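Below, chain A is the first sequence line, B the second, and so on; all start at residue 1. From a predicted model like this one, the values you see are computed outputs, not experimental measurements.
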2 protein chains.
Amino acid sequence: MPTLAPLFKALSDPSRLGIFERLTRGEMAVMELTAQFELSQPAVSQHLAVLRQAGLVTVRRDGRMVYYGVRPDAFRPLVDWLSHYQAFWPRRVDRLKALLERMEP
Amino acid sequence: MPTLAPLFKALSDPSRLGIFERLTRGEMAVMELTAQFELSQPAVSQHLAVLRQAGLVTVRRDGRMVYYGVRPDAFRPLVDWLSHYQAFWPRRVDRLKALLERMEP
DNA sequence: CAAATATATAAGCCGATACTTATGTTTTGT
DNA sequence: ACAAAACATAAGTATCGGCTTATATATTTG
């Protein structure tokens, strides 16, 4: 039961969450992120540093560009945490069944 | 897809997250929470106000005590959000199957 | 090597936030 | 009605967080 507060904090800023969600579509260099979000390059780098320290993203250097991507299992702490509070999930069994069916074909 | 940042922010403070998790075990009055956490009563009330504004908890007055509880469906936004990123879940199908089996008996 | 490119880091500013103490509001008990 | 209890709100303060500008580091290119 690691404290999830740091993870939540990492995702609590709209810009940072936006960057993170964008990364779920695939790796991206800082440059490209800076172009897509209306943020300065240092601001993007700082957000990425926070995400990295929270264990949410991976970094890969290629030449002079640095590519960030969502870490596999990034959501593991969240999923584990949520699984302890199933009683408060919405229409839980139905939703999960639907999820499984979408995932398995 | 509503922005989840405010929800994450509400859970990003360790004290507040602790209070929230404690509430998942059942309703509790401000007094009792104040006793269990090393926080002043106003601090607890302020945290509860944040949780309430984030739609995470319910309030019920009984006499001069006010009972807070986790809102049913409190995790709905989180579950919905996570469901969009299944690719980054850990051993996803197995985990969900296990979950379902624990939930259905 | 020098210049340009891509990114990271440093320092500072300012608004947000988590706490404190003090006070207000509602309800109970006598 | 009055005092106490349970909680909320107000106001002040100190720290944190996200931004900016400026600079440092790493890599490629000429």
Inset, instruction - Assign Ala49(A) to base, sugar-phosphate, or nothing according to its heavy-atom contacts below 4.0 angstrom with the strands shown. - result: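 No contact.
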Inset, instruction - Check whether any side-chain N or O of Tyr68(B) sits under 4.0 Å from OP1 or OP2 of dA8(D), and answer yes or no. - result: yes
Inset, instruction - Ignoring backbone atoms, establish whether Ser40(A) has a side-chain N or O less than 4.0 Å from OP1 or OP2 of dT20(D). - result: yes
Inset, instruction - Mind checking the OH-CZ spacing from Tyr85(B) to Arg25(A)? Nearest 0.5 Å is all I need. - result: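 The CZ atom of Arg25(A) is 7.0 Å from OH of Tyr85(B), to the nearest 0.5 Å.
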Do [X] and [Y] come close enough that some side-chain heavy atom pair is under 4.5 Å?
{"X": "Ser12(B)", "Y": "Leu17(B)", "answer": "no"}
{"X": "His47(A)", "Y": "Leu39(A)", "answer": "yes"}
{"X": "Arg22(A)", "Y": "Leu33(A)", "answer": "yes"}

Inset, instruction - At under 4.0 Å between heavy atoms, which parts of nucleotides 10-18 of chain C does protein reach? Answer with one letter per nucleotide, 5' to 3': B base, S sugar-phosphate only, - none. - result: B------SS
Can you tell me how far [atom2] of [N] sits from [atom1] of [X], to the nearest Å?
{"X": "Gln53(A)", "N": "dG17(D)", "atom1": "CD", "atom2": "P", "answer": "11 Å"}
{"X": "Arg61(B)", "N": "dT27(C)", "atom1": "CZ", "atom2": "C1'", "answer": "7 Å"}
{"X": "Gln41(A)", "N": "dT5(C)", "atom1": "CD", "atom2": "P", "answer": "14 Å"}
{"X": "Phe37(A)", "N": "dT20(D)", "atom1": "CZ", "atom2": "C1'", "answer": "19 Å"}
{"X": "Met31(B)", "N": "dT26(C)", "atom1": "CE", "atom2": "C1'", "answer": "16 Å"}
{"X": "Glu38(B)", "N": "dC19(C)", "atom1": "CD", "atom2": "P", "answer": "12 Å"}
{"X": "Leu51(A)", "N": "dG17(D)", "atom1": "CG", "atom2": "P", "answer": "14 Å"}
{"X": "Arg64(A)", "N": "dA3(C)", "atom1": "CZ", "atom2": "C1'", "answer": "11 Å"}

Inset, instruction - Verify whether the ring centers belonging to Trp81(A) and Phe8(A) lie closer than 6.0 Å. - result: yes
Inset, instruction - Report yes if the distance between the aromatic ring centroids of Phe20(A) and Phe37(A) is under 6.0 Å, otherwise no. - result: no
Legend entry - Per Ser45(B) side chain, nearest of listed nucleotides dT9(C), dA6(D), dA8(D): dA8(D)
Inset, instruction - Give the nucleotide from the list dT20(C), dA8(D), dA4(C) with an atom nearest to the side chain of Ala43(B). - result: dT20(C)
Legend entry - Taking every non-hydrogen atom, the tightest pair across Leu48(B) and Val57(B):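 Heavy atoms only, the tightest pair is O-CG2, 4.2 Å.
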